[in-house]
There are 2 protein chains.
Amino acid sequence: MTKYHHGDLPAALRAATAELVAEKGPSGFSLREVARRAGVSHAAPAHHFGDAEGLLTSVAAEGFQRLADAMEADGDHIDDALQRLRTVGAGYVRVALENPGHFAVMIQSDLVCNDDPALMEHSLRAYAALQRGMELVRDQLNPDLDIDTAATFCWASIQGLVSLSPKLDDVASDTGTKATPVNVLVDEFANYMVHGMAAR
Amino acid sequence: MTKYHHGDLPAALRAATAELVAEKGPSGFSLREVARRAGVSHAAPAHHFGDAEGLLTSVAAEGFQRLADAMEADGDHIDDALQRLRTVGAGYVRVALENPGHFAVMIQSDLVCNDDPALMEHSLRAYAALQRGMELVRDQLNPDLDIDTAATFCWASIQGLVSLSPKLDDVASDTGTKATPVNVLVDEFANYMVHGMAAR
DNA sequence: GGTCAATCTTTACGGTGGCAACTTACCAGT
DNA sequence: ACTGGTAAGTTGCCACCGTAAAGATTGACC
């Protein structure tokens with residue numbers, strides 16, 4: 001059984017891409033290196049993804065899928081606004097730390113095709129889960145809350161935390177203080193966010 | 001100082017880099033294209049910056065310098081905590097929008113050498129200005145506030161807003177709603193942040 | 001005017017992305 | 001069971017890129 005045909009090459013290529021990006025950053029990504037790691041020739045990815053942007057877009061979509069799944073699973077059964085935001089925020093950070101390669105690609109929006117249907121679907125699904133959390137905040141804490149502004153605020157804060165986390169370690173080592181772990185910070189952030197949005 | 005053949009090649013190369021990155025994103029950056037735009041041969045940048053990372057590091061340092069200068073000039077004469085956070089936040093966004101190429105490089109920390117002295121100096125200077133703002137919040141609104149946690153929160157929120165702003169436009173166009181301009185959002189963010197940090 | 005060092009150019013080499021042409025495996029229809 | 005078609009992967013090619021080395025040019029200093 002000569003395995004000329006790979007079992008599931010697209011998935012293997014996505015995994016290799018995520019691994020490579022997690023190791024060397026998005027700038028260290030190389031289509032040929034990914035193909036090498038997957039054990040295929042350098043032109044094989046083109047048959048499934050067209051070009052490098054196509055592969056990276058697929059990785060980003062996969063990342064948003066995992067994020068949206070986690071946000072829905074974590075949050076959609078919680079009725080208390082603060083507890084939901086805490087839990088979903090912690091889940092966001094957890095997924096981001098578990099999938100560093102995916103998230104690095106998801107943020108770097110000039111690498112991906114933002115019109116991709118799968119990418120749009122899952123990223124909108126994640127955003128919708130966040131919006132439902134904001135509706136809870138509005139219903140329980142502040143009827144005047146603007147849902148979209150609040151959702152953007154939470155999204156930006158958590159995403160900023162994740163993308164700044166390597167730099168935080170640098171600053172901490174430079175100033176001599178020790179860095180607070182990200183999963184601890186996110187809890188404080190949730191407090192700040194909820195209290196900030198609850199104020200009228 | 002450097003004024004032999006070219007007028008001031010290092011500065012010209014930084015400017016060309018920022019322009020190119022602003023146009024095509026960090027992934028569209030190419031040392032040869034930068035040299036082409038500056039009107040020099042493709043190996044000229046190496047003599048001043050060593051390699052591509054050196055040039056990008058210099059651009060990032062320049063960006064942090066402009067940011068730190070603005071944050072100090074905008075904030076250091078304001079005594080009211082909320083007003084200071086508002087003003088500095090607006091200034092952050094303004095500098096980011098005025099220097100999109102610089103900021104794209106500053107965020108993408110795998111592109112730059114984070115040990116660079118100039119980079120460290122200016123980024124720590126910006127962080128210190130932010131810390132002074134947090135001390136105002138502590139003194140005026142909440143004596144129990146943890147300065148570093150609060151500073152990280154504000155930094156992450158504003159930086160997340162800036163780096164998410166292109167994606168916000170996408171989401172808005174996908175959902176049919178219209179996107180709120182970033183310079184309006186930052187004002188709301190400042191409210192959320194201050195009220196969140198003031199709660200005890 | 002002559003020497004020297006800094007600045008830039010030229011040349012060369014290995015790596016990379018994308019394209020075209022080719023080979024191999026699988027599958028559907030008769 | 002054969003056969004045509006299609007999907008999956010390979011090889012070869014070209015232009016571009018980053019970097020290193022060696023050559024050329026310019027300004028500065030004595």
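In the text below, chain A, chain B and the rest are named by the order of the sequence lines, each starting its count at 1.
The nearest whole Å value for the distance from the CD atom in E53(A) to the P atom in dC19(C) is 12 Å. Computed from coordinates, the R37(A) CZ to dT16(C) P distance equals 12 Å when rounded to whole Å. Atom CG in D8(A) sits roughly 17 Å away from atom P in dA7(D) (whole-Å rounding). Between the CG atom of L13(A) and the C1' atom of dG9(D) there is a distance of 12 Å, rounded to whole Å. Atoms CG (L9(A)) and C1' (dG9(D)) sit 9 Å apart, rounded to a whole Å.
Looking at every heavy atom in both residues, T149(A) comes nearest to L185(B) through CG2-CD2, 3.8 Å.
In this structure D74(B) satisfies the side chain to side chain donor-acceptor pair (under 3.5 Å) test together with R94(B), sequence neighbours excluded. Scored by the side-chain contact (heavy atoms from CB on, under 4.5 Å) test, D76(B) finds E72(B), R84(B), R132(B) as partners (sequence neighbours excluded). With sequence neighbours left out, the side-chain contact (heavy atoms from CB on, under 4.5 Å) criterion links A11(B) to D8(B), R14(B). D169(B) pairs by the salt bridge (charged side-chain N to carboxylate O under 4.0 Å, His left out) definition with nothing, not counting sequence neighbours. Legend: residues meeting salt bridge (charged side-chain N to carboxylate O under 4.0 Å, His left out) with D187(B), ordered by chain and number and at least two apart, are R86(B).
Contacts of residues 21-35 of chain B with DNA chain C (heavy atom under 4.0 Å): none. Within residues 44-51 of chain A, the residues that have a heavy atom under 4.0 Å from DNA chain D are, in order of number, A44(A), H47(A), H48(A).
For residues 18-30 of chain A, every residue pair satisfying the side chain to side chain donor-acceptor pair (under 3.5 Å) rule, not counting sequence neighbours, is listed here: E23(A)-R37(A), S27(A)-D110(B). Among residues at least two apart or in separate chains, ring pair (Phe, Tyr, Trp, His ring centres under 6.0 Å) pairs with a member in residues 178-199 of chain B are F153(A)-F189(B), F153(A)-Y192(B).
Side-chain atoms of D116(A) come within 3.5 Å of backbone N or O of L119(A) as a donor-acceptor pair.
Each of A43(A) and A43(B) was matched to the nucleotide of DNA chain C holding its nearest heavy atom; the match closer to the 5' end belongs to A43(B).
A donor-acceptor contact under 3.5 Å links the side chain of H42(A) to the base of dG12(D).
Distance from the side chain of A52(A) is smallest for dG18(C) among the nucleotides dG9(D), dT9(C), dG18(C).
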